[in-house]
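Below is one structure, written out as structure tokens, with a few remarks after it.
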Amino acid sequence: DAGITQSPRYKITETGRQVTLMCHQTWSHSYMFWYRQDLGHGLRLIYYSAAADITDKGEVPDGYVVSRSKTENFPLTLESATRSQTSVYFCASSESSGGNQPQHFGDGTRLSIL
Amino acid sequence: GDSVTQMEGPVTLSEEAFLTINCTYTATGYPSLFWYVQYPGEGLQLLLKATKADDKGSNKGFEATYRKETTSFHLEKGSVQVSDSAVYFCALKVYAGGTSYGKLTFGQGTILTVHP
């Protein structure tokens with residue numbers, strides 16, 4: 001089915017471990033985004049990508065790394081997980097940066113770091 | 001900078017009641033406005049949008065009108081159902097041209113619970 005898929009849906013890991021969250025979209029959208037959602041903070045942008053091999057920081061990029069070798073994939077890596085990174089992570093995509101273009105969201109990954 | 005302010009929740013209503021969730025914004029450019037809905041355990045889904053002043057977005061019985069003079073985009077529904085229980089996010093997007101990536105700025109979200 002067309003759409004945006006995140007995996008895994010749930011993940012538990014330990015502090016100091018590396019963990020990668022996957023995001024795949026089938027629309028060939030140019031723009032992709034990673035957000036984290038925390039109580040009291042709403043959604044905050046971690047990183048975004050305007051095209052393959054073009055990425056840039058959002059509001060809260062520290063401790064995260066992204067890559068985009070193919071248009072359809074945008075993985076997010078926590079190189080050394082910390083408890084403060086326990087959150088729900090959402091990936092989104094958008095056809096363009098145009099004002100009338102909405103972002104389309106995946107179902108999220110709930111990440112717990114012990 | 002850009003910002004979105006939503007009415008604080010949670011909002012609790014009985015089925016068939018009238019719903020209003022207030023949303024006001026400040027924007028540095030020419031914003032498009034969106035309402036997203038998040039059902040439990042799911043991602044955000046686009047509910048409706050409006051891209052210029054006086055536009056009315058509508059979907060699934062929900063409506064919102066882009067009011068430039070009051071910088072508002074209030075969400076309304078005439079008769080809510082239990083299935084409308086969710087978190088609602090107001091958001092804006094300013095396209096500044098050039099290298100703009102079309103940042104989406106969200107409000108904090110409003111939790112709506114509808115009882116039978």
Side-chain angles (χ1 to χ4, degrees), chain A residues 3-7 9-10 21 23-25 27 29-51 54-61 66 68 74 87-110, chain B residues 1-6 8-10 23 25 27-53 55 57 59 64 66 73 86-111:
Chain A
I4 185 163
T5 306
Q6 292 184 237
S7 61
R9 288 297 311 276
Y10 304 91
L21 310 184
C23 179
H24 175 79
Q25 53 105 355
W27 291 303
H29 284 172
S30 296
Y31 285 79
M32 295 187 75
F33 307 84
W34 274 107
Y35 294 89
R36 58 179 291 173
Q37 184 179 33
D38 305 287
L39 278 175
H41 292 281
L43 281 95
R44 293 181 290 176
L45 182 67
I46 304 170
Y47 269 94
Y48 70 96
S49 169
I54 301 175
T55 63
D56 208 345
K57 297 177 180 178
E59 303 168 60
V60 289
V66 293
R68 193 156 176 218
F74 191 39
S87 186
V88 182
Y89 290 85
F90 288 100
C91 180
S93 72
S94 179
E95 184 173 349
S96 75
S97 61
N100 65 345
Q101 293 297 319
Q103 291 179 18
H104 303 275
F105 286 78
D107 284 338
T109 294
R110 186 174 295 275
Chain B
D2 303 329
S3 67
V4 176
T5 303
Q6 286 182 236
E8 297 209 4
C23 171
Y25 67 89
T28 54
Y30 308 100
S32 293
L33 301 170
F34 305 86
W35 276 102
Y36 282 84
V37 58
Q38 184 180 28
Y39 298 103
E42 297 184 12
L44 279 71
Q45 300 176 23
L46 178 66
L47 182 58
L48 53 84
K49 70 177 184 180
T51 58
K52 61 183 187 294
D55 267 2
N59 186 26
Y66 187 156
F73 193 54
V87 183
Y88 292 81
F89 292 91
C90 185
L92 71 82
K93 188 178 185 184
V94 176
Y95 179 64
T99 58
S100 168
Y101 67 89
K103 176 185 175 182
L104 200 57
T105 300
F106 288 93
Q108 291 295 306
T110 301
I111 300 172

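Letters go in sequence order (proteins before strands), and every chain restarts at 1. Because the structure is predicted, anything quoted here is derived from the model rather than measured.
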| Partners of A:R110 by side chain to side chain donor-acceptor pair (under 3.5 Å), sequence neighbours excluded? | none

| query | Which atoms of B:Q38 come close to chain A, meaning under 4.5 Å heavy atom to heavy atom: side chain ones, backbone ones, both, or neither? | reply | side chain

| query | In terms of side-chain heavy atoms, does A:Y35 have a donor or acceptor partner in A:Q103 at a distance below 3.5 Å? | reply | yes

| field | Donor-acceptor under 3.5 Å (A:D38 side chain, A:S87 main chain) | value | no

| remark: Cut-off 4.5 Å, heavy atoms of chain B, and the answer for A:Q6 is neither

| note | Taken in chain and number order and not counting sequence neighbours, the residues that satisfy side chain to side chain donor-acceptor pair (under 3.5 Å) with A:S30 are none

| Where does the angle between the aromatic ring planes of A:Y89 and A:W34 fall among parallel (under 30°), tilted (30 to 60°) and perpendicular (over 60°)? | perpendicular

| note | Bottom line for A:S94: the part with an atom under 4.5 Å from chain B's heavy atoms is side chain

| field | Interface moiety of B:L46 toward chain A, non-hydrogen atoms closer than 4.5 Å | value | side chain

| Given that the side chain runs from C-beta out, which part of A:R44 has a heavy atom under 4.5 Å from chain B: side chain, backbone, both or neither? | neither

